[in-house]
There are 2 protein chains.
Amino acid sequence: MKKAEGTRLNILQKAFALIYEKGYQTTSIDDILATTQVTKGAFYYHFKNKDEMGIAIINELLRPILTSSFIAPLQNDKNPIDTIYNLMHYLLIEDEFLQVQHGCPVANFTQEMASWNKDFNHALNEITQQWVKTMAAVLVKGKEKGQIRDDINAKQVAMFVASGYWGIRNFAKLENDKKVYLSYLKELKRYLNTLK
Amino acid sequence: MKKAEGTRLNILQKAFALIYEKGYQTTSIDDILATTQVTKGAFYYHFKNKDEMGIAIINELLRPILTSSFIAPLQNDKNPIDTIYNLMHYLLIEDEFLQVQHGCPVANFTQEMASWNKDFNHALNEITQQWVKTMAAVLVKGKEKGQIRDDINAKQVAMFVASGYWGIRNFAKLENDKKVYLSYLKELKRYLNTLK
DNA sequence: TGCAAATAATACCTATTAGTATGTTTTTAT
DNA sequence: ATAAAAACATACTAATAGGTATTATTTGCA
């Protein structure tokens, strides 16, 4: 990796961490410069403006995270019910990047920016759709294999599950306690079992 | 109502509308003054600072809305399944204040402020808990009447449902389309029916 | 090795931010 | 009617915001 690429990546990663903690609007360029030890000249060499950096974070950091942590675990040939439950368990309980007090970064971004920045909205919608579509595909496969009831609407279920995930992330933020995840997971398991 | 009370309420209501649209942090005092036609002197006569106004909005506007629109509809003696479904249908489809592109005001506030302002967190947690507790109580009553299965964990279900609500609000914001609500409601109905 | 392009550093600019200081007007109680 | 208190108005401040202009330093390559 060239050195310039390094500073760029450094900016993206540190900025992402700050934004995940504090939110996009309240993370200032100066905040980012302070924690990266990068100067303003360097920052604006790499990014036209703050929003371009935001989009880069979504496309270059969030998207890969989504692919590896949210989508890849769905792609196995086991029972969809276990697959989905295990994914949620991993995301809520085991994953070390996602912090209970800061919620889900994609949901945070969405909440903050969706109705105000077309580019953000588009990028976020794309990665979210990818997740939901993959989950739906898993369910369809399960239907074909007879693991999932025939009368189940896969897309509908996928969205229902994804919604629950975003919601419980917000709940846990409010209580600042992972315990709510356990309660959520129990009911999710019960719900998923009604699909077979 | 005394005139002074009127200006205070005017500030709270207009500020709330702005915050619901734009978020708390990005709604400036000057924004509020511009839309209320109130001067800075008047604003700071009524509120010590911006955060005090924010707390007042939660306690004096959000709380009553929650009581009347989220909690009161739960308090009838019908079947909990219909009661909860009808509430969600009302909130997502019929309610005229809640806008698809701006999500749920309580969820927005939570996402933005929960981990940063203790007072906000406390006020928001209180009203949210009240909603979940009421929903759980409705389910408990349903269990006693034999309308809900015995092995159901009421609190757990209430939280699961509330999470789904917050989540789908965020989803709809992303797609800026009420259609996702219809899909959500269908699956919610299916889910609720598994409780009996 | 030298020079152009890439990368970075510094100083600055204007707008906006929350908040204050100090006044004036309006209400209220006597 | 009048004085005191409540309610509001105006002009300001210091800090911070995102962004730019200009200059300096590295880097890759002929």
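For clarity, every value in this text was computed on a predicted model and none was experimentally measured. To find a chain, count down the sequence lines: A is the first, B the second, and so on, and within it residues start at 1.
- Between A:W116 and A:Y24, the distance from one ring center to the other does not fall under 6.0 angstrom.
- Between B:E112 and B:G23, the closest heavy-atom pair is OE1-CA, 3.5 Å.
- Rounding to the nearest 0.5 Å places CE of B:M135 at 6.5 Å from CG of B:L87.
- Side-chain polar atoms of B:S115 and A:N176 form no donor-acceptor pair below 3.5 angstrom.
- Here the P atom of nucleotide C:dT7 and the CG atom of A:L9 are 15 Å apart, to the nearest Å.
- Whole-Å rounding puts the B:E5 CD to D:dA7 P distance at 8 Å.
- B:F160 and B:Y191 have their aromatic ring centers within a separation under 6.0 angstrom.
- Within a heavy-atom distance below 4.0 Å of DNA chain D, no residue of residues 108-121 of chain A is found.
- At whole-Å resolution of the value, CZ in A:F47 and P in C:dT7 are 13 Å apart.
- Distance NZ/A:K50 to CD1/A:I55: 12.5 Å, rounded to 0.5 Å.
- Side chain to side chain, B:N108 and B:Y20 fail the donor-acceptor criterion of an N or O pair below 3.5 Å.
- As rounded to whole Å, 6 Å separates atom P of C:dA6 from atom OH of A:Y45.
- With ring centers used as reference points, A:Y181 lies 6.0 Å or more from A:F171.
- Within the structure, every side-chain polar atom (N or O) of A:H46 is placed at least 4.0 Å from both OP1 and OP2 of C:dA6.
- Taking side-chain N and O atoms only, B:T7 has a distance below 4.0 Å to OP1 or OP2 of D:dC8.
- Taking atom CG of residue B:L33 and atom P of nucleotide C:dT17, one finds them 10 Å apart after rounding to whole Å.
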Under 4.0 Å protein heavy-atom contact, by nucleotide of nucleotides 10-30 of chain D - B base, S sugar-phosphate only: B------SBBB------S---
